[in-house]
Amino acid sequence: MRSIHARARRPWPLAVVCVLLLVLAACGSAENAALDAEDSASTSEPTDEPTDEPTDEPTTETTTPPTTAAPTTPAPPAAPTVGQCRNLNALDVRARIATLTTAPIACSTSHNAQTYKVGTLTNAISSAISGGNRVTIFAAARRTCELDLPAYLGVDDERQKQSQFDFVISVPTSSEVAAGAKWVRCDVVLKNGQTKAEPLPGANAKNALRGSKGNPYLQCIRSSNINQASGTFLCRDAHNWRSVTAIKLGVGSKPWPGTSELTSSVRGRCSTAVRRYLDTSGSFQYGYILPTQDLWKYGDRWAVCFAKTRK
């Protein structure tokens, strides 16, 4: 969830909060089956020579005892590779953690996700997977994927957080971890609203935000009243509010400061950034998005500033 605040340069009205929902899900791939033991057939010794007459000597039969196959450990599933493309479902994109195994497809076809990093499973992530807590899995794996996304898109942290590009995490199941899987997959996605994932631009999303070509992929809001906005959308579509900058609010270990403190920290900085963007000395309207306490708990540390536009 994130809170959206609208303000005019003068006077300062009371902020109104609009909540956006974020749900976490789990991820993984299919289990491997164990091999069955093979049964062996019995064999018998033949007599010396065939005859029609009975013989005093008994015929001796020897049986080979059955053999049992040695226990085998299933091999771990193949690790993903950087550059693979997929089509993830809406829930995976919204939650930022994949719930189903999705096979890679040709990047020359339409796709909404591309693997930009394959990290190594840490003890913390392994423990979270064993516990089966989806939120804990995301919190443990988040840093692995989040840190490398801006460089992949060709920009710094601020520009990436100002955009609609995000990441989705995929990890192996507990059975796959036991079988030796040691990977964390990071996929880049392009959100448009709360649930929709747009096809990525081109066969490769690398450097997609670099320079002016990245402007259509920034966050915008379309609503006559920003306090009633239902989410952020691509700036290539019609909008009334446009993101102009993102502000880092603290490091991961910093405790939740409260909405009032965050507002005091962001309000002046957003006002300055929007004035500079609009290049005006007159009055203007601006807004900003703050992380809620729940999102702060799981690592969200950025505010986004918006300028009122006429588009």
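Everything numeric here is computed off the predicted structure, so don't read it as measured data.
Heavy-atom contacts from other residues, nucleotides or ligands closer than 6.0 Å to NZ of K196 number 12 or fewer. Within a 6.0 Å sphere centred on NZ of K213, heavy atoms belonging to other residues, nucleotides or ligands number more than 12.
Rounding to the nearest 0.5 Å gives a distance of 12.0 Å between SG of C235 and OH of Y217. Here CZ of R242 is found 5.5 Å from CG of L218. Values are rounded to the nearest 0.5 Å. Rounding to the nearest 0.5 angstrom, the gap separating the CD1 atom in I247 from the CG atom in L249 is 7.0 Å. Atom OG of S283 sits about 10.5 Å away from atom CG of L278, to the nearest 0.5 Å. With rounding to the nearest 0.5 Å, the separation of CD1 in I169 from CD1 in I125 is 7.5 Å. With values rounded to the nearest 0.5 angstrom, Q293 atom CD is found 8.0 Å from T259 atom OG1.
Here the side chain of Q114 pairs a donor or acceptor atom with the backbone of A205 at under 3.5 angstrom. Of the possible donor and acceptor atoms, none in the side chain of S265 sits under 3.5 Å from a partner among the backbone N and O of E261. The main-chain N or O of R267 is never found under 3.5 Å from a side-chain atom of S271 such that the two would form a donor-acceptor pair. At distances below 3.5 Å, at least one donor-acceptor pair connects side-chain atoms of Q160 with backbone N or O atoms of F165. The backbone N or O of R269 lies less than 3.5 Å from no partner atom in the side chain of T272, so there is not a single donor-acceptor pair. Using a distance-only test at 3.5 Å, with no hydrogens or angles considered, a donor-acceptor pair links the side chain of T309 to the main chain of N240. A distance-only check finds a donor-acceptor pair linking the side chain of Q84 to the backbone of T81 [under 3.5 Å]. In terms of modelled atom types and a separation under 3.5 Å, the side chain of N192 and the main chain of L234 share a donor-acceptor contact. With Q219 contributing its side chain and S163 its backbone, the two residues share a donor-acceptor pair below 3.5 Å.
Salt bridge annotation for R142-D300: present, with a cationic side-chain nitrogen under 4.0 angstrom from a carboxylate oxygen. Between K248 and D157, no side-chain nitrogen of the basic residue sits less than 4.0 Å from a carboxylate oxygen of the acidic one, so the salt-bridge criterion is not met. Electrostatic pairing of R185 and D187 counts as a salt bridge here, judged by a charged N lying under 4.0 Å from a carboxylate O.
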Side chain to side chain contact (heavy atoms under 4.5 Å, CB included) between I137 and V171, intermediate numbers included: CA-CA 9 Å; I137 293 171; V171 295; 3.9 Å; yes

Worked verdict on F138 versus Y298 for ring pair (Phe, Tyr, Trp, His ring centres under 6.0 Å): CA-CA 8 Å; F138 179 81; Y298 299 112; 7.7 Å; no

Stepwise side chain to side chain contact (heavy atoms under 4.5 Å, CB included) check, I97 with R134: CA-CA 8 Å; I97 187 163; R134 299 173 178 183; 5.6 Å; no

Evaluation steps, salt bridge (Lys or Arg N to Asp or Glu O under 4.0 Å), between K161 and E146: CA-CA 10 Å; K161 293 297 183 182; E146 189 171 31; 2.7 Å; yes

Side chain to side chain contact (heavy atoms under 4.5 Å, CB included) assessment of L121 paired with W183: CA-CA 5 Å; L121 206 67; W183 51 265; over 6 Å; no

Stepwise side chain to side chain contact (heavy atoms under 4.5 Å, CB included) test for R96 and K191: CA-CA 11 Å; R96 291 188 287 177; K191 294 182 176 180; 3.9 Å; yes

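Annotation: side chain of N112 is not in contact with side chain of L190 (no heavy-atom distance under 4.5 Å). Between C145 and K117 there is no side-chain heavy-atom pair separated by less than 4.5 Å. Taking 4.5 Å as the limit, some side-chain heavy atom of T115 sits within range of a side-chain heavy atom of R86. Taking the side chain as every heavy atom from C-beta outward, D92 and N89 approach each other to under 4.5 Å. For the pair C220 and W241, the minimum side-chain heavy-atom distance is 4.5 Å or more.
When all heavy atoms are compared, the tightest approach of N207 to G154 is OD1-CA, 3.4 Å. The nearest pair of heavy atoms linking G282 to T280 is N-OG1, 3.0 Å. Looking at every heavy atom in both residues, I221 comes nearest to G231 through CG1-O, 3.9 Å. Taking every heavy atom of both residues into account, S110 and N87 meet most closely at O-ND2, 3.2 Å. Here the closest non-hydrogen pair linking K206 and N204 is N-OD1, 2.9 Å. Closest heavy-atom contact between A246 and W302: CB-CE3, 3.8 Å.
For F306 and Y288, the gap between ring centers reaches or exceeds 6.0 Å.
Side-chain contacts under 4.5 Å among hydrophobic residues (ILVMFWY), followed directly or transitively, place V93 together with L88, V168, V189.
In the hydrophobic clustering of this structure, L200 does not group with F233; members are Ile, Leu, Val, Met, Phe, Trp, Tyr whose side-chain heavy atoms approach within less than 4.5 Å, directly or through other members. The cluster map of Ile, Leu, Val, Met, Phe, Trp and Tyr, joined by side-chain heavy atoms under 4.5 Å apart, puts V155 and F167 in the same cluster.
T245 and E158 share a donor-acceptor pair across their side chains, judged by distance under 3.5 Å alone.
Judged as a ring pair (Phe, Tyr, Trp, His ring centres under 6.0 Å), and not counting sequence neighbours, the contacts of Y152 are Y116.
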